Amino acid sequence: QVQLVESGGGLVQAGGSLRLSCTASGRTDRTYAMGWFRQAPGGEREFVGAISRSGGTTDYTDSVKGRFTITGDNPKNTMYLQMNSLKPEDTAVYYCAAVDSRRYSRTYVYIRSSDYDYWGQGTQVTVSS
């Protein structure tokens with residue numbers, strides 16, 4: 001079992017930046033593919049970006065490419081989402097998640113929420129115009 005805790009959300013003006021953190025605890029003796037999802041009010045949970053188990057491969061949804069960056073710090077069991085040039089449409093609750101499966105290679109990036117086994121509680125990001 002893995003527990004995930006997000007932090008770093010808040011209120012920021014359009015064009016500003018935030019860095020979200022996702023810290024894992026529990027069974028951290030193995031690496032996990034991880035991802036970020038978000039859910040706006042009245043909307044469905046959507047994929048934002050993800051990183052492979054190896055940490056060497058990332059993928060992002062088109063709307064955040066070039067603005068958001070995912071990195072991992074394995075010794076700290078922490079994943080980050082650096083968000084730059086934020087827009088009001090980025091307002092949402094952001095969730096981090098981890099995949100327990102070894103079905104695919106270490107370089108595989110999971111983009112479907114149904115692939116994820118562990119979820120954090122979410123952190124609110126609000127971008128004002």
Side-chain angles (χ1 to χ4, degrees):
Q1 282 280 6
V2 173
Q3 294 77 45
L4 303 174
V5 178
E6 303 96 335
S7 62
L11 174 64
V12 64
Q13 288 189 332
S17 298
L18 281 175
R19 188 179 78 160
L20 304 184
S21 300
C22 173
T23 300
S25 61
R27 190 176 179 186
T28 58
D29 59 329
R30 53 192 287 177
T31 57
Y32 298 86
M34 300 187 71
W36 289 97
F37 292 78
R38 65 186 180 186
Q39 187 167 15
E44 295 185 351
R45 189 170 298 188
E46 65 170 355
F47 172 75
V48 174
I51 188 167
S52 63
R53 270 193 294 134
S54 69
T57 308
T58 55
D59 196 9
Y60 304 90
T61 192
D62 286 346
S63 63
V64 309
K65 283 181 179 176
R67 300 189 297 124
F68 291 10
T69 304
I70 294 174
T71 56
D73 186 340
N74 283 339
K76 294 184 178 180
N77 298 317
T78 300
M79 173 181 64
Y80 302 99
L81 178 66
Q82 178 67 44
M83 305 185 294
N84 298 329
S85 302
L86 283 161
K87 304 175 181 180
E89 51 263 45
D90 294 318
T91 295
V93 177
Y94 283 71
Y95 300 89
C96 72
V99 177
D100 201 11
S101 170
R102 287 332 195 228
R103 182 183 309 126
Y104 298 113
S105 73
R106 287 173 47 84
T107 61
Y108 188 80
V109 177
Y110 295 82
I111 64 173
R112 299 183 307 176
S113 61
S114 58
D115 286 326
Y116 286 80
D117 302 291
Y118 306 110
W119 292 84
Q121 82 290 347
T123 186
Q124 176 70 47
V125 172
T126 303
V127 184
S128 62
S129 57

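Nothing fancy with the numbering, it's 1 onward along the sequence. Since we're looking at a predicted model, the values are computed, not measured. The figures here come from the full heavy-atom set of this structure, side chains too, leaving out hydrogens, waters and symmetry mates.
- Using bins of under 30°, 30° to 60° and over 60° for the plane-to-plane angle, the ring pair Tyr110/Tyr104 lands in the tilted bin.
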**Request:** Apply side-chain contact (heavy atoms from CB on, under 4.5 Å) to the pair Arg38 and Tyr95, showing each step before the final yes or no.
**Result:** CA-CA 6 Å; Arg38 65 186 180 186; Tyr95 300 89; 5.9 Å; no
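- Inspection of the Ser17 and Asn84 side chains reveals an N or O donor paired with an N or O acceptor under 3.5 Å.
- Considering every non-hydrogen atom in both Trp119 and Ser113, the closest pair reads CZ2-O, 3.6 Å.
- Contact check for Leu20 versus Trp36: side-chain heavy atoms found under the 4.5 Å cut-off.
- Checked for salt-bridge contact, Arg112 and Asp115 meet the test: a charged N lies under 4.0 Å from a carboxylate O.
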**Item:** Check against side-chain hydrogen bond (donor to acceptor under 3.5 Å, both in side chains), Thr57 and Thr107
**Value:** CA-CA 6 Å; Thr57 308; Thr107 61; 5.0 Å; no
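- To the nearest 0.5 Å, atom CG of residue Asp73 and atom SG of residue Cys22 are 12.5 Å apart.
- Ring orientation note: the planes of Tyr94 and Phe68 are tilted relative to one another, at an angle of 30° to 60°.
- By the 4.5 Å heavy-atom criterion applied to side chains, Arg67 and Met83 are not counted as neighbours.
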**Prompt:** Hey, mind stepping through Val125 and Thr91 against side-chain contact (heavy atoms from CB on, under 4.5 Å) and telling me if it holds?
**Reply:** CA-CA 5 Å; Val125 172; Thr91 295; 5.9 Å; no
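- A heavy-atom distance below 4.5 Å is not found between the side chains of Ile51 and Val109.
- Between the Glu6 side chain and the Cys96 main chain, a donor and an acceptor come within less than 3.5 Å of each other.
- Between Ala24 and Val2 the shortest heavy-atom distance is CB-CG1, 4.0 Å.
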**Request:** Show your working on side-chain contact (heavy atoms from CB on, under 4.5 Å) between Gln13 and Val127 and close with a plain yes or no.
**Result:** CA-CA 5 Å; Gln13 288 189 332; Val127 184; over 6 Å; no
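- Here the side chains of Ser21 and Tyr80 are in contact, with some heavy-atom distance below 4.5 Å.
- A heavy-atom distance below 4.5 Å is not found between the side chains of Thr61 and Glu46.
- The cluster map of Ile, Leu, Val, Met, Phe, Trp and Tyr, joined by side-chain heavy atoms under 4.5 Å apart, puts Met34 and Val64 in the same cluster.
- Each of Arg27, Arg30, Arg53 was compared with Asp100 under the salt bridge (Lys or Arg N to Asp or Glu O under 4.0 Å) criterion, and only Arg30 meets it.
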**Prompt:** Can you check side-chain contact (heavy atoms from CB on, under 4.5 Å) on Met79 and Thr71, steps first, answer last?
**Reply:** CA-CA 6 Å; Met79 173 181 64; Thr71 56; over 6 Å; no
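- What you find for Ala14 and Pro88 is that their closest heavy atoms are CB-CD, 4.1 Å.
- In plain terms, the two heavy atoms of Tyr116 and Ala98 that are nearest each other are CD2-N, 3.5 Å.
- At a threshold of 4.5 Å between non-hydrogen side-chain atoms, the residues Leu4 and Thr23 do not count as touching.
- Residues Ile111 and Asp59 are in side-chain contact: their nearest non-hydrogen atoms beyond the backbone lie under 4.5 Å apart.
- Rounding to the nearest 0.5 Å gives a distance of 8.5 Å between OG of Ser63 and CD of Glu89.
- With no hydrogens or angles considered, a side-chain donor-acceptor pair links Gln124 and Thr126 at under 3.5 Å.
- Here Phe47 and Tyr60 keep their ring centres 6.0 angstrom or further from each other.
- The aromatic rings of Tyr32 and Tyr118 sit perpendicular, their planes meeting at an angle over 60°, well past the 30° parallel limit.
- Proximity of a side-chain donor or acceptor of Thr78 to a complementary backbone N or O of Lys76 within less than 3.5 Å is detected.
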